[in-house]
Amino acid sequence: MAILEILQFPDPRLRTKAKPVAKDDVDAAFRAQVSDMYETMYHANGVGLAATQVNIHVQLFTMDISRERDQPVCILNPEIIHKEGIQYESEGCLSVAEAYDKVERALKVKLRGVDLDFKPVEIEAEGLMAVCFQHELDHLNGILFIDHLSKLKQSRIRTKIEKIQRRD
Ligand code: K1U
Ligand code: ZN
């Protein structure tokens, strides 16, 4: 297993739209990439990681929102088929260093996709899990949580990140 490099904003590769995964794509090498994504997500203390963030441009994300970090979830070809209500919670992103802000999201979502064995999966989520699903789906479409903020906030975050990147 390996820790993968997580692309950092404003890397243009974060804007790539991921392609669907075909059943035949899920071979030993693909499963090894998924294991690397889990290792990278746990190492970075993230609750989710989209393939886009590690420069793999297929529709796949890993997630684990459990306190004990023992409930790994991996969804291929995810789509949100139902949204309900509104929540406004603070988000961060492993690809946007030191930026946190509240984003408007649906309160409840129903997500459909397939697992690594290509078995259909449907999950109803609310709270953090619902936020995480929407955040990871956005990544697979080349969207970052900061895109949902005002232009002024985006410009402040860009300036802060430029300073951090000059420092490092
Ligand atoms: O995709 C990513 O960049 C990972 C990101 C996903 C996320 C989940 C929930 C809200 C916003 C973003 C993170 O893991 S952010 C860091 C984190 O560990 C965390 C966020 C919220 C609650 C608990 C932990
Ligand atoms: Zn993110």
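All values derive from a computational prediction rather than experimental measurement. By convention here, the first residue in the shown sequence is residue 1. Whatever order the structure lists ligands and atoms in, that order sets their numbers, starting from 1.
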**Student:** Between Q154 and I146 (side chain of the first, backbone of the second, donor and acceptor by atom type, cut-off under 3.5 Å), is there such a pair?
**Tutor:** yes
**Student:** Determine, stepwise, if the pair Q8 / S95 fulfils side-chain hydrogen bond (donor to acceptor under 3.5 Å, both in side chains).
**Tutor:** CA-CA 4 Å; Q8 292 301 309; S95 294; 4.9 Å; no
**Student:** Do E104 and H148 have side-chain atoms, one donor and one acceptor, less than 3.5 Å apart?
**Tutor:** no
**Student:** Can you tell me the protein heavy atom closest to atom 12 (C) of ligand 1 and the distance?
**Tutor:** G92 O, 3.2 Å
**Student:** What is the nearest protein non-hydrogen atom to atom 4 (C) of ligand 1, stated with its residue, atom name and distance?
**Tutor:** G48 O, 3.1 Å
**Student:** For the residue pair H139 and L144, what are the closest heavy atoms and their distance?
**Tutor:** CE1-CD2, 3.5 Å
**Student:** Before signing off on this row, confirm whether N45 and ligand 1 have an N or O atom pair separated by under 3.5 Å.
**Tutor:** yes
**Student:** Of all the non-hydrogen atoms in the protein, which one sits nearest to atom 9 (C) of ligand 1, and at what distance?
**Tutor:** L128 CD1, 3.5 Å
**Student:** Report yes or no: do N55 and H57 form a side-chain donor-acceptor pair below 3.5 Å?
**Tutor:** yes
**Student:** Give me the ring orientation class for Y38 and Y42: parallel if the planes are under 30° apart, tilted from 30 to 60°, perpendicular past 60°.
**Tutor:** parallel
**Student:** What's the verdict on side-chain contact (heavy atoms from CB on, under 4.5 Å) for D138 and R105, showing C-alpha distance, side-chain angles and the deciding distance?
**Tutor:** CA-CA 11 Å; D138 268 0; R105 301 282 193 187; 2.9 Å; yes
**Student:** Record the part of M41 in heavy-atom contact with ligand 1 below 4.0 Å; permitted values are side chain, backbone, both and neither.
**Tutor:** neither
**Student:** Under 4.0 Å from ligand 1, counting heavy atoms only, is it the side chain of V47, its backbone, both or neither?
**Tutor:** both
**Student:** With nothing but distance in play, are any N or O atoms of E91 less than 3.5 Å from an N or O of ligand 1?
**Tutor:** no
**Student:** Any N/O of S90 closer than 3.5 Å to an N/O of ligand 1?
**Tutor:** no
**Student:** Give the minimum heavy-atom separation between D11 and L7, together with the two atoms involved.
**Tutor:** OD2-CD2, 3.7 Å
**Student:** Who's the nearest protein heavy-atom neighbour of atom 6 (C) of ligand 1, and how far?
**Tutor:** E136 OE2, 3.4 Å
**Student:** Side chain or backbone, does L94 bring an N or O within less than 3.5 Å of an N or O on ligand 1?
**Tutor:** yes
**Student:** If we set the cut-off at 4.0 Å for heavy atoms, which region of E89 has an atom near ligand 1: side chain, backbone, both, or neither?
**Tutor:** neither
**Student:** May I ask you to decide if A2's main-chain N or O and E39's side chain share a donor-acceptor pair within less than 3.5 Å?
**Tutor:** yes
**Student:** Closer than 4.0 Å to some heavy atom of C93 - which atoms of ligand 1 meet that?
**Tutor:** 3 (O)
**Student:** With sequence neighbours excluded, what pairs up with F145 under the ring-ring contact (aromatic ring centres under 6.0 Å, His included) test?
**Tutor:** none
**Student:** Count up the protein N, O or S atoms sitting under 2.8 Å from the Zn ion (ligand 2), would you?
**Tutor:** 3
**Student:** Please indicate whether D24 has more than 12 foreign heavy atoms, meaning atoms of other residues, nucleotides or ligands, lying under 6.0 Å from its CG.
**Tutor:** no
**Student:** How close do L76 and D115 get, counting heavy atoms only, and between which atoms?
**Tutor:** CD1-O, 3.7 Å
**Student:** Among protein heavy atoms, which lies nearest atom 10 (C) of ligand 1, and at what distance?
**Tutor:** V131 CG1, 3.7 Å
